[in-house]
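Working notes, beginning with the structure itself.
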Amino acid sequence: MLARLTFPRLLRHAVPSLGSSLASSNLPSIWHATHCTASARTAPATPNGSSESWVPSLRTSIEGHSSSVDPFALVGADLAKMTRSIRETVSVLQHPVLDGAASHLLSLQGKRFRPIMVLLMAHSTAMVAPVVPPRLLPSQLRLAEITELIHAASLLHDDVIDVADTRRGAISVNSLFGNQLAVLAGDFLLARASVALARLRDCDVVELLSTVIEHLVRGEVIQMKGGIGEVFGGIGDVTEQARDEQSSYHKPKTQFDAYIAKTFFKTASLVANSCRAVTMLAAHPKHVADAAYQYGENVGIAFQLIDDMLDMTASEDALGKPVLNDITQGLATAPVLFALEEFPEIGPMIDRRFKQDGDVERTLELVEKADGIRRTKALATQHVQKAVDGLVSVLPPSEHRSALINLGNFVLERQR
Ligand code: FPP
Ligand code: MG
């Protein structure tokens, strides 16, 4: 599906007022850039991608590991149990309207990338602790469910904020039931997740996942307000461990750092902390919990980078949600911020949130010129590589570890 798309077609789709000049210009190379899995080794970009000049063969696939394990199939049985459990968790309400709104989103399922990661992490870390039988604990399965519920709650609220009319290939809850019910359905899922979390009877895990909820809100507010200023606030009331791990996200110095920090709060924190929490439930040693966290953090950041890339390159049909949503909402994501390094004229357009006539079209043109799409994928690749290298250095080989590596690859190659 994606292979047939060209950038100008997307532009015409998202910006109907666009004149024929840009629509007929030759921009399809942006697609090739996105899908180029160059085998040539190149100098990697800096971690935030900000000071390295563009090179034509930026690496966009991870190296050094290959296996055919299917991450989705490997935890299929666990996922089926989780899905049943979610249904029970949600049906407690027995209120047809609110239940209908919450169930609408959950029944569409989505990629389930977050619970899959949590489940694979639980299985692969079980191999390192002789005190724990190498099996999935009920509390770990429950944690995968909690992660999915928190994610679903955040999507219900996000679609209200973004005024999105589609989600997961179907009409969004806000479009079907209205904003008020969509917000309340999100609150309801969050409440059910909180009850399930409390029932784990593990205060440290409760603290981690509660901090994640704060992070989701923080990330969303940073995104809404933009800039590198006061919106970040202090690091807040967190553990010493979190203070060390997250300090770089709280005082970003550049616009790109601010974008990565927002990405951590909005997307990566949930998977990073869920991966840490799932190892804590099995009482694994700290170095295992740390490796799990850094895997989730890096794959989480890569996931959002690819999400932001797909927002510019995929079709609404392929994604199942609106495209060019970020820039039309006034948001500058990685492809634009890479282009900004080469074309300072983008700066004022970012400042006015692309509101002037022609801003969106001109920015997209410059993104293509600066190879912003491929640079975004290359940065995502670096994060996945870091995640995988960290994991491999701590966990013994296993099918589930291979599946986590493949999950990283899936994040890079996904087209929806
Ligand atoms: C999707 O972003 C949104 C998120 C990852 C987080 C949204 C968080 C909130 C709305 C804060 C409230 C949180 C809770 C737990 C109720 P996106 O718009 O970039 O992605 P999309 O294209 O999938 O919509
Ligand atoms: Mg959204």
Side-chain angles (χ1 to χ4, degrees), residues 14 101-102 105-106 108-114 146-175 179 181-194 196-197 208-226 231 259-274 296-297 299-316 318-336 376 380 411 414-416:
L105 177 70
L106 291 169
L108 297 166
Q109 285 201 350
K111 293 178 278 295
R112 297 189 293 180
F113 148 80
R114 292 160 184 82
I146 291 164
T147 302
E148 186 64 358
L149 284 173
I150 294 174
H151 170 60
S154 78
L155 291 185
L156 289 171
H157 287 194
D158 181 69
D159 284 344
V160 171
I161 294 167
D162 289 353
V163 202
D165 48 13
T166 51
R167 169 69 68 185
R168 295 179 172 171
I171 185 168
S172 60
V173 170
N174 45 305
S175 292
N179 282 348
L181 270 173
V183 169
L184 290 169
D187 292 342
F188 167 62
L189 291 186
L190 204 53
R192 294 307 298 159
S194 304
L197 190 57
L208 279 187
L209 272 288
S210 304
T211 304
V212 164
I213 297 171
E214 181 208 313
H215 283 175
L216 285 165
V217 176
R218 193 186 274 255
E220 198 67 14
V221 172
I222 292 168
Q223 175 167 295
M224 203 181 276
K225 294 297 171 193
V231 285
Y259 162 78
I260 293 293
K262 177 212 60 176
T263 300
F264 168 77
F265 291 124
K266 191 178 115 171
T267 306
S269 175
L270 176 59
V271 279
N273 283 298
S274 294
E297 178 185 23
V299 174
I301 289 175
F303 184 91
Q304 189 61 47
L305 284 166
I306 298 296
D307 219 58
D308 294 346
M309 182 192 87
L310 290 173
D311 186 62
M312 282 193 179
T313 59
S315 70
E316 179 154 353
L319 274 191
K321 60 186 181 182
V323 291
L324 284 186
N325 188 53
D326 295 331
I327 195 163
T328 49
Q329 298 269 339
L331 303 178
T333 56
V336 173
T376 300
V411 162
R414 72 193 177 97
Q415 297 182 6
R416 70 175 184 96

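Remember, it's 1-based here, ligands and their atoms both numbered in the order they're listed.
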Practice task
Report the residues that fulfil side chain to side chain contact (heavy atoms under 4.5 Å, CB included) with Leu155, sequence neighbours left out, ordered by chain and then residue number.
Solution key: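 Result, side chain to side chain contact (heavy atoms under 4.5 Å, CB included) vs Leu155: Leu105, His151, Arg167, Arg168.
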Fill in the blank from the handout: Taking 2.8 Å as the strict upper bound, the Mg ion (ligand 2) has protein N, O or S neighbours numbering 2
If I apply the N/O under 3.5 Å rule, does [X] come out as touching ligand 1?
{"X": "Arg167", "value": "yes"}
{"X": "Asp326", "value": "no"}
{"X": "Asp162", "value": "yes"}

Hey, are the side chains of [X] and [Y] touching, using non-hydrogen atoms and a 4.5 Å cut-off?
{"X": "Leu189", "Y": "Leu106", "value": "yes"}
{"X": "Val173", "Y": "Leu181", "value": "no"}
{"X": "Ile260", "Y": "Ile301", "value": "yes"}

Quick one: which ligand 1 atoms are inside 4.0 Å of a heavy atom on [X]?
{"X": "Gln304", "result": "19 (O)"}
{"X": "His157", "result": "10 (C), 16 (C)"}
{"X": "Leu190", "result": "15 (C), 16 (C)"}

Handout entry: Proximity to ligand 1 by part of Glu220, non-hydrogen separation under 4.0 Å
Key =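 Answer for Glu220: side chain.
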Exercise for the section: Identify which of Ile150, Thr267, Val217 has a heavy atom lying nearest to atom 12 (C) of ligand 1. Expected result: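 Closest candidate by heavy-atom distance is Val217.
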Exercise for the section: Between Ala193, Ala164, Gly186, Ser154, flag the one that comes closest to atom 14 (C) of ligand 1 by a heavy atom. Expected result: Ser154
Practice task
Just need the protein heavy atom nearest to atom 17 (P) of ligand 1, so name the residue and atom and give the distance.
Solution key: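 Result: Lys266 NZ, 3.5 Å.
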Problem - Identity and distance of the protein heavy atom lying nearest atom 20 (O) of ligand 1 - result: Asp307 OD2, 3.9 Å
Under 3.5 Å donor-acceptor, [X] side chain and [Y] backbone:
{"X": "Thr267", "Y": "Phe264", "value": "no"}
{"X": "Asn174", "Y": "Asp159", "value": "yes"}
{"X": "Gln223", "Y": "Leu331", "value": "no"}
{"X": "Ser172", "Y": "Ala164", "value": "yes"}
{"X": "Arg414", "Y": "Phe303", "value": "yes"}

Handout entry: Polar contact flag, side-chain donor to acceptor under 3.5 angstrom, Ser269-Asn273
Key =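 Yes, side-chain donor-acceptor contact under 3.5 Å.
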Problem - Audit row: Leu209, Ile150, side-chain contact (heavy atoms from CB on, under 4.5 Å) steps and yes/no - result: CA-CA 9 Å; Leu209 272 288; Ile150 294 174; 3.8 Å; yes
